[in-house]
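The structure under discussion appears below in the form of structure tokens.
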Amino acid sequence: MIDPRILREDPDRVRAAQAKRGLSDDVVDRALAADTARREAITTFESRRGEQKRLGKLIPQAQGEEKTALLTRTKALAAQVKEAEAAQAVAEEEWRQSLLSIPNLAADEVPAGGEDDFVVLETVGTPATFDFEPRDHVELGRMLGAIDLERGAKVSGSRFYFLTGVGAELEFALINLANETAREFGFTQVIAPSMVKPRAMDGTGFLGQAADDVYRIEGQDMYLVGTSEVPMAAYHSDEILDGSSLPLRYAAFSPCFRKEAGSHGKDTKGIIRVHWFDKVEMFVYTTVEDSYAEHQRLLSIEKAFLDKLELAYQVIDTAAGDLGLSAQRKFDCEAWIPTQGKYRELTSTSNCTEFQTRRLDTRGRFTTADGGTELKAIATLNGTLCAVPRAIVAILETHQQADGSVKVPQALQKWLGREVLEPVTGG
RNA sequence: GGAGGCGUCGCCUAGUCCGGUCGAUGGCGCCCGCCUGCUAAGCGGGUUGAGGAUAAAACCUCUCGCGGGUUCAAAUCCCGCCGCCUCCGCCA
């Protein structure tokens, strides 16, 4: 949720932000009207309620006719109060809904436009070249006995897989490396629940434009999370955090579930786009002022991780129209996938500023210059440390050799206990 | 899943049977001030959060786990839900 004060005091800024994302600004007018209506309704209710309370106090001391008269008046008033209260609730809800439907205001630096209007900030490493015909990760996975897509489909359906043998070992190695990296950078490790209540899902903005991608548990009013950003954002909901304890940096492991609705035909082969995968996600609570530097920090950690995997990648500044509901700015790290001849998203980091904490009611208590304290909205940020399947895809394809074996990046060797993954079947 | 108990403004706690001077008691902690060579003790005051109003205040409304209901009036009575604890059953 954006700051209601910005909407009231500078609606044109919100209109401009909507335009930048390619969205209508109707909702701005709707929200402004709702705000006015809401305040009127509050005034009406409060004046009636105030009178009711004043008169009510007189009743216990009143006697005889005076008391009867008072009761008649307060009884009528009670009905009015009830009515005014209901009207206020309606106005309040309309205001809330219109405000909730406004996405976070994109940063000035964010490129305008849609999915294809990103700006490449940086290219790191050189895409791998081969003196043989490189195999895709599906074939390599089969040769190594690492990825079993056929049985994944048999047991669970399309976009499911078993990681077996070195595939499973590779996941654990990646998780270990991610956790080691998290530790180096001062993150508290967390294992987060991947089923959440609607509050958490909605608070992180995933029941908005992304709702189609979310699995709901039948008959339970619970959801499977698509990322541990969801439980981690809700982790401190309804809390007032000690400002001096910030930043709070978490690295949360969880399985992630995505319907991938509307992606029919995209990445149908392999494990680039799957309904379930494991991920270690960085999640940070900090002040809004510090969030911009923290965002850069998360990006640098993601880059450091990709460097450890010895991958070639580019960093893009996502265009406004391709930002999530909550994000103010988003950087994606896209690794080179040899058999696709292009860069594909491996990690992503977003600064959600105060958008999520306003929805989930997380604030910070800070000491002011004069020694007092004040409550302020704080910022949340998230960033992928390692999304396992895509990391595996990039590693297998990048480090493959002519015979179908795969060189293990140095940083993973101690976790895998070997320098090369050897095929278990012929090519 | 069955039975019972509990949920009060940071923590503890009074109040709930018998609705209105509880529009929330006291203690601890914390903050400000006084006092005392310093410190401690002592004394006085302050200390939930949200919203409305205002130049800013004063002020007003809401907030006793959450949501309804009864009533002129609800922390208090009634209904539903959630969470925690204890016992039983079941189980990785």
Side-chain angles (χ1 to χ4, degrees), chain A residues 1-10 31-100 191 193-203 217 219-223 231 234-246 248 254-255 354-378:
Chain A
M1 190 167 85
I2 64 166
D3 186 345
R5 275 194 322 243
I6 292 175
L7 178 78
R8 199 182 290 170
E9 288 162 15
D10 195 2
L32 284 170
D35 188 30
T36 308
R38 166 180 164 271
R39 283 187 284 168
E40 278 170 14
I42 286 172
T43 307
T44 304
F45 164 71
E46 287 187 355
S47 65
R48 298 264 154 79
R49 176 70 177 151
E51 193 182 354
Q52 181 190 34
K53 287 174 72 171
R54 269 194 304 283
L55 294 183
K57 270 185 199 162
L58 303 176
I59 290 176
Q61 299 116 27
Q63 298 290 328
E65 274 182 38
E66 195 192 347
K67 186 160 189 168
T68 316
L70 267 177
L71 283 175
T72 316
R73 279 181 67 191
T74 47
K75 199 157 187 164
L77 205 50
Q80 290 180 29
V81 167
K82 205 166 179 176
E83 200 179 311
E85 191 175 20
Q88 186 199 325
V90 170
E92 199 97 40
E93 185 57 18
E94 164 66 14
W95 175 74
R96 228 179 64 84
Q97 286 307 327
S98 52
L99 210 56
L100 284 175
I191 296 176
S194 44
M195 286 172 66
V196 297
K197 298 196 275 191
R199 172 93 193 280
M201 204 45 107
D202 193 39
I217 310 292
Q220 282 246 336
D221 208 17
M222 290 196 83
Y223 297 92
Y235 187 57
H236 287 301
S237 57
D238 298 324
E239 289 182 28
I240 295 172
L241 303 175
D242 176 2
S244 64
S245 72
L246 300 177
L248 292 173
S254 84
E354 43 192 281
F355 191 85
Q356 294 177 330
T357 57
R358 279 185 188 279
R359 290 173 156 229
L360 289 162
D361 198 21
T362 306
R363 286 162 295 164
R365 189 187 301 279
F366 299 88
T367 41
T368 53
D370 63 354
T373 68
E374 66 173 334
L375 292 173
K376 280 197 306 190
I378 60 179

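By convention in this document, chain letters (A, B, ...) are assigned in the order of the sequence lines, proteins followed by strands, and residues within each chain are numbered from 1.
Within 6.0 Å of atom CD1 in I217(A), more than 12 heavy atoms from other residues, nucleotides or ligands are found, so the atom counts as buried in its surroundings. When the shell of 6.0 Å around CZ of F45(A) is examined, it contains more than 12 heavy atoms from other residues, nucleotides or ligands.
In this structure, OG1 in T74(A) is found 5.0 Å from CG in L71(A), a value given to the nearest 0.5 Å. For the atom pair L99(A) CG and E94(A) CD, the distance stands at 11.0 Å (nearest 0.5 Å).
Between the CZ atom of R48(A) and the C1' atom of C60(B) there is a distance of 15 Å, rounded to whole Å. The separation between E92(A) atom CD and G51(B) atom P is 10 Å, rounded to whole Å. One atom, CD of E85(A), and another, P of G67(B), lie 11 Å apart when rounded to the nearest Å. Following rounding to the nearest Å, E93(A) (CD) and G67(B) (C1') show an atom-to-atom distance of 14 Å. Summarising the geometry, the separation between CD on E40(A) and C1' on G51(B) is reported as 16 Å, rounded to the nearest angstrom. Note: CD1 (I59(A)) to C1' (U71(B)) measures 10 Å, nearest angstrom. Distance M1(A) CE to A50(B) P: 13 Å, rounded to the nearest Å. E9(A) places its CD atom 14 Å from the P atom of A55(B), with the value rounded to the nearest Å.
Using atom C1' as the reference point in both G46(B) and A53(B), the two lie 25 Å apart (nearest Å). C85(B) and G33(B) have their P atoms separated by 43 Å, with the value rounded to a whole Å. Rounded to a whole angstrom, the distance from the C1' atom of G49(B) to that of C35(B) is 35 Å. The gap from the P atom of G44(B) to that of C28(B) amounts to 12 Å, rounded to the nearest Å. To the nearest whole angstrom, the two P atoms, one in G19(B) and one in C82(B), are 30 Å apart. Using atom C1' as the reference point in both C77(B) and C88(B), the two lie 32 Å apart (nearest Å). C62(B) sits 14 Å from U21(B) when the P atoms are compared, rounded to a whole Å. To the nearest whole angstrom, the two P atoms, one in C6(B) and one in G65(B), are 13 Å apart.
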Taking only N/O atoms, report every protein-nucleotides 80-82 of chain B pair under 3.5 Å with atom names and distance.
none

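Of the side-chain N and O atoms in Q52(A), none sit less than 4.0 angstrom from OP1 or OP2 of C72(B). Dashed line: the shortest gap from a side-chain N or O of R39(A) to OP1 or OP2 of A53(B) is under 4.0 Å. Distances shown here put a side-chain N or O of R8(A) below 4.0 Å from the OP1 or OP2 atom of G52(B). Considering only side-chain N and O atoms, R49(A) lies under 4.0 angstrom from the phosphate OP1 or OP2 of C62(B).
Among the heavy atoms of the strands lying under 4.0 Å from R363(A) are primed sugar atoms or P, OP1, OP2 only; no base atom is included. As judged by a 4.0 angstrom heavy-atom cut-off over every strand, L55(A) is placed among residues making no nucleic acid contact. Counting any heavy atom pair closer than 4.0 Å across all strands shown, K67(A) reaches no nucleic acid atom. Across all strands shown, I42(A) has heavy atoms under 4.0 Å from sugar-phosphate atoms exclusively, and none from any base. Residue contacts for R38(A): at a heavy-atom cut-off of 4.0 Å it reaches the sugar-phosphate backbone alone, with no base atom in range. Among the protein residues, R365(A) comes within range of the sugar-phosphate backbone only, with heavy atoms under 4.0 Å from sugar or phosphate atoms but none that close to a base. Counting non-hydrogen atoms under 4.0 angstrom, R358(A) reaches nothing in the nucleic acid.
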Walk me through whether T44(A) and E83(A) qualify under side-chain contact (heavy atoms from CB on, under 4.5 Å). CA-CA 10 Å; T44(A) 304; E83(A) 200 179 311; over 6 Å; no

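Across every strand in view, C18(B) sits unpaired, with no contact that passes the Watson-Crick or G-U test at under 3.5 angstrom. Checking G83(B) for Watson-Crick or G-U wobble geometry (two distances, each under 3.5 Å) identifies C6(B) as its partner. When both pairing distances are held under 3.5 Å, C77(B) makes a Watson-Crick or G-U pair with G69(B). Partner assigned to G42(B) is C34(B), using Watson-Crick or G-U wobble distances below 3.5 angstrom. When both pairing distances are held under 3.5 Å, G1(B) makes a Watson-Crick or G-U pair with C88(B).
Position along RNA chain B of the nearest nucleotide to K57(A) versus T43(A) favours K57(A) as the more 5'-ward residue.
When distances run from any side-chain atom of A78(A) to the nucleotides G20(B), A73(B), U61(B), the shortest one goes to A73(B). Which of U61(B), C72(B), A50(B) sits closest to the side chain of F45(A) comes down to U61(B). Side-chain atoms of E46(A) lie closest to G52(B) of the nucleotides C72(B), G49(B), G52(B).
When every heavy atom of R38(A) is checked against every heavy atom of A91(A), the shortest pair comes out as CA-CB, 3.7 Å. A pairwise comparison of heavy atoms in L375(A) and R363(A) identifies CD1-NH1, 4.0 Å as the closest pair. Looking at every heavy atom in both residues, L55(A) comes nearest to R73(A) through CD1-NH2, 3.8 Å.
Using a cutoff of 4.0 Å between basic side-chain nitrogens and carboxylate oxygens, R96(A) and E93(A) are scored as salt-bridged.
Q52(A) and R49(A) form a side-chain donor-acceptor contact under 3.5 Å, judged by distance and modelled atom types alone.
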